[in-house]
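When a ligand or atom number is given, it counts from 1 through the structure's own listing order.
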Amino acid sequence: MEPVSRETETIVSAEIPDTPLAQAVARDVRRRKDLEGLRLPRPARTRVMTVANQKGGVGKTTSSVNLAAALAASGLEVLVIDTDPQGNASTALGADHRAEVPSIYDVLVDGTPMAEVIQDCPDIVGLRCAPATIDLAGAEIELVSLVARETRMKTAIAAYLEHCTSTGRRVPDYVLIDCPPSLGLLTINAFVAADEVLIPIQCEYYALEGLSQLLKNIEMIRTHLNPGLHVSTILLTMFDARTRLAAQVADEVREHFPEQVLATTVPRSVRISEAPSYQQTVITYDPQGTGALSYREAAREIAERGATKEQA
Ligand code: ADP
Ligand code: MG
């Protein structure tokens with residue numbers, strides 16, 4: 001083998017900082033530093049956000065739990081309401097959601113106070129969860145024959161905020177509602193209860209298909225049930241910066257929704273998908289990784305945009 005000449009050695013070591021990998025590492029170091037000890041502004045009043053997209057597997061649950069964890073880790077009080085019978089958000093937040101546990105089903109169908117079903121999440125102070133059990137699968141049908149079937153979630157949240165105030169408990173700064181992948185009564189309840197909709201969009205070919213249906217439904221809710229509802233936030237998830245398709249989809253979404261799309265995108269990351277199997281969010285499972293950094297940056301954007309809007 002030829003010995004490496006001095007000249008070659010110099011060139012090689014000088015080039016290292018220019019490799020994409022070295023640049024990515026340097027960028028992550030900077031991002032970590034920026035986020036260190038970050039405290040986020042408390043909104044003047046509770047922001048209730050529904051995380052919705054009738055497509056399955058686009059990152060609704062992953063975004064709900066990780067944004068919630070990121071907000072709580074920066075000093076805010078956050079409640080996640082799991083309205084998907086799958087109970088994936090409950091799992092990721094370490095909440096017990098075996099069939100016999102009091103859950104959001106009892107709140108919606110039996111009128112049980114929200115305070116009686118909420119659990120503290122073990123890993124992050126200020127993070128709480130109203131879990132979903134498998135019972136919720138029947139709620140979609142059971143709700144149909146109940147009075148005020150569309151406004152039950154709204155009433156329950158209002159009563160809970162009132163309960164916090166009257167008992168001296170800290171009132172949540174954020175309530176994030178994780179929706180099932182459908183536009184049935186559970187999702188309608190979530191839309192009626194919220195001020196804001198957060199739509200996660202996966203950057204792939206069919207991403208925009210179905211989005212117009214979702215927007216039409218939101219418009220219908222605005223007209224008939226909740227005039228204040230608006231899409232405040234769009235988060236691009238599972239973003240693969242190496243593919244041209246992802247960049248094209250991202251550009252197209254940004255073009256249509258310049259105000260709503262967060263600058264932060266969430267990359268595809270194995271750590272993000274692994275975290276739930278340890279009953280954790282990526283914020284505690286891999287706090288220094290790129291997945292946690294992205295969700296913390298997205299949470300910062302959401303909180304800071306909110307604060308800017310309040311001032312305006
Ligand atoms: P939804 O709630 O919209 O159905 P999920 O949040 O459950 O979607 O995500 C669908 C699947 O994709 C899950 O297995 C989840 O772990 C995985 N996933 C979500 N976001 C990411 C990501 N950024 N990187 C890798 N896997 C992800
Ligand atoms: Mg889900």
N-O pairing of Lys216 and Glu219 below 4.0 Å: no

Lys/Arg N to Asp/Glu carboxylate O, Arg31 vs Asp28, below 4.0 Å: yes

Polar contact flag, side-chain donor to acceptor under 3.5 angstrom, Thr112-Glu116: no

Glu142 versus Tyr105, side-chain donor and acceptor atoms under 3.5 Å: yes

No-hydrogen, no-angle side-chain donor-acceptor test under 3.5 Å, Thr264 and Glu301: yes

Amino acids in close contact with ligand 1, where any non-hydrogen atom sits under 4.0 angstrom away: Gly56, Gly57, Val58, Gly59, Lys60, Thr61, Thr62, Met238, Val266, Pro267, Arg268, Ser269, Ile272, Ser273

Count, waters excluded, of protein N, O or S atoms under 2.8 Å from the Mg ion (ligand 2): 1

Under the ring pair (Phe, Tyr, Trp, His ring centres under 6.0 Å) test, residues paired with Tyr285 that sit two or more places apart: Tyr278

Side-chain H-bond candidate by donor/acceptor type, Thr91 with His97, under 3.5 Å: yes

Hphob cluster co-occupancy, Ile272 + Met238, side-chain heavy atoms under 4.5 angstrom: no

Those residues that, when tested against Thr61, pass side chain to side chain contact (heavy atoms under 4.5 Å, CB included) (two or more places apart): Asn88, Ala89, Asp178

